[in-house]
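Every value quoted in this text rests on a predicted model; they were computed, and no experiment measured them.
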Amino acid sequence: MTDYVVVKLPFNVDNEDTAKDLVTTARMFREATQNMLLLARHRELPVGPMGWVDTFGGVAYEVIPNRRYANGAAILVMGIYIACKTLGIDFKSVELSDWLAFQQGTFARPAENNIALNSDHAFYIATAGSAGKRRIITPAIPPEYDDLLGNVFARDVKYAAMIVINGHDTSWASGVVRMMIPLNFYNQYIRMKKQGDNSLVGGVSISTDKIDLVILDEKGEINDHMAISLSDTRDYNMGEKIHHLLNHARNRGVGVLFMEDLTIYDKMRFIQPKGGNAEEYKALALKGEIIEEIAMNSHQYDIEVGYVNPKVVLGKHDTAYLIATRGWEQLTKSNNSMVTKR
């Protein structure tokens, strides 16, 4: 699976036909995902994306008659299974949480993507309603992402995208384009923009009550540590905490920041326990959101991002130090600043 950074672009649609087609496609996608999740509980599970697509793509296509979206549903269920296996959750004990969305699932160039970025930063979206018409939405693009999106389009970068519907009625829909940009391209982009020569490695761990940051020096020894309380997790307050963490890391010389793998925690938003207490799942989903926000804002501080496998820290103490150490080892062995998870 490709490591990525998520860029979130909010949109509002007040065209009745466009809103209807987006919501219809999202409902079909959710139903296809639900059917596959139920089926996968009672089948020998395949290996790899192509195996999941070959095994379950046809089931999804019966519900959503668009091959790329049908395959995207298979890839989502595969991601849920991998996340459950990695985090020690019984795959058969989960069900879909409350969401409405659709995705292509595979990384593709703009011209080959069902959710196609255009040069003007509008998205041309294939829908399953109205005979598969493409609908156009124009998200609000924060100034700090304008150049990044321009580079994705101009350099024909492969990306994946998901349309999330947060609210809708008969004549409107609102939500977010979740654009998943490959981590290696994102770090190359940061490197092109860097003003300083920060070279230290940081590790971030997130628990239910705090965010820990550990910074290592050139020898891999602890240089600095800070903790940020999560007692108040309102959106604006969380944003302030994340920017405070990134600013501290930059001022202490961090050039690469490692966290647990986003591709694992990103999937927790889509599931909940069957008839059980959802608080643990909400905590894991919140961890994913924080990892996502830190990665998404890192370029403003000239900090590259890297991921480590969550198995490195599951059930252990001093997790920020373990994450930083694993990241430092990766960079030391590779002898360059390109980072991947291990």
**Request:** Report yes or no: is the cationic atom of R30 (NZ for Lys, CZ for Arg) under 6.0 Å from the centre of the six-membered ring of W99, at an angle within 45° of the ring normal?
**Result:**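 That pair qualifies as a cation-pi contact.
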
**Request:** Cation-pi check, R135 to Y124: give yes when NZ or CZ is under 6.0 Å from the six-membered ring centre and within 45° of the ring axis, no otherwise.
**Result:**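 Judged by the rule (NZ or CZ under 6.0 Å from the ring centre, within 45° of its axis), R135 is not positioned above Y124.
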
Is there a donor-acceptor contact under 3.5 Å from the side chain of [X] to the main chain of [Y]?
X    : Y    : result
R41  : M36  : no
S298 : I303 : yes
W52  : P46  : yes
Q272 : S97  : no

Decide if the gap between the ring center of [X] and the ring center of [Y] is smaller than 6.0 angstrom.
X    : Y    : result
Y145 : H299 : yes
F102 : Y69  : yes
Y159 : F107 : no

Salt bridge or not for [X] and [Y], using N-O below 4.0 Å?
X    : Y    : result
E292 : K8   : yes
K311 : E260 : no
R178 : D266 : yes
D212 : K210 : yes

**Asked** Do I137 and V176 sit in the same hydrophobic cluster, where Ile, Leu, Val, Met, Phe, Trp and Tyr count as joined when their side-chain heavy atoms come under 4.5 Å apart?
**Response**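 In one cluster with I137: V176, no.
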
Is the shortest side-chain heavy-atom distance between [X] and [Y] below 4.5 Å?
X    : Y    : answer
V5   : Y307 : yes
E31  : Q34  : no
I215 : H225 : no
L257 : V204 : yes

**CA sep, side-chain torsions, deciding dist, call: K267, L76, side-chain contact (heavy atoms from CB on, under 4.5 Å)** = CA-CA 8 Å; K267 303 304 180 293; L76 177 57; 4.1 Å; yes

**Item:** Pair R250-N247, side-chain donor/acceptor within less than 3.5 Å
**Value:**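 Yes, side-chain donor-acceptor contact under 3.5 Å.
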
**Prompt:** What heavy-atom pair brings N198 and G253 nearest, and what distance separates the two atoms?
**Reply:**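 It is CB-O, 3.3 Å.
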
**Item:** CZ (F11) with more than 12 external heavy atoms under 6.0 Å
**Value:**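 Result for CZ/F11: enclosed.
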
**Message:** Just checking D209: does its CG atom have more than 12 heavy atoms from other residues, nucleotides or ligands closer to it than 6.0 angstrom?
**Reply:**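 Counting other residues, nucleotides and ligands, CG of D209 exceeds 12 neighbours.
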
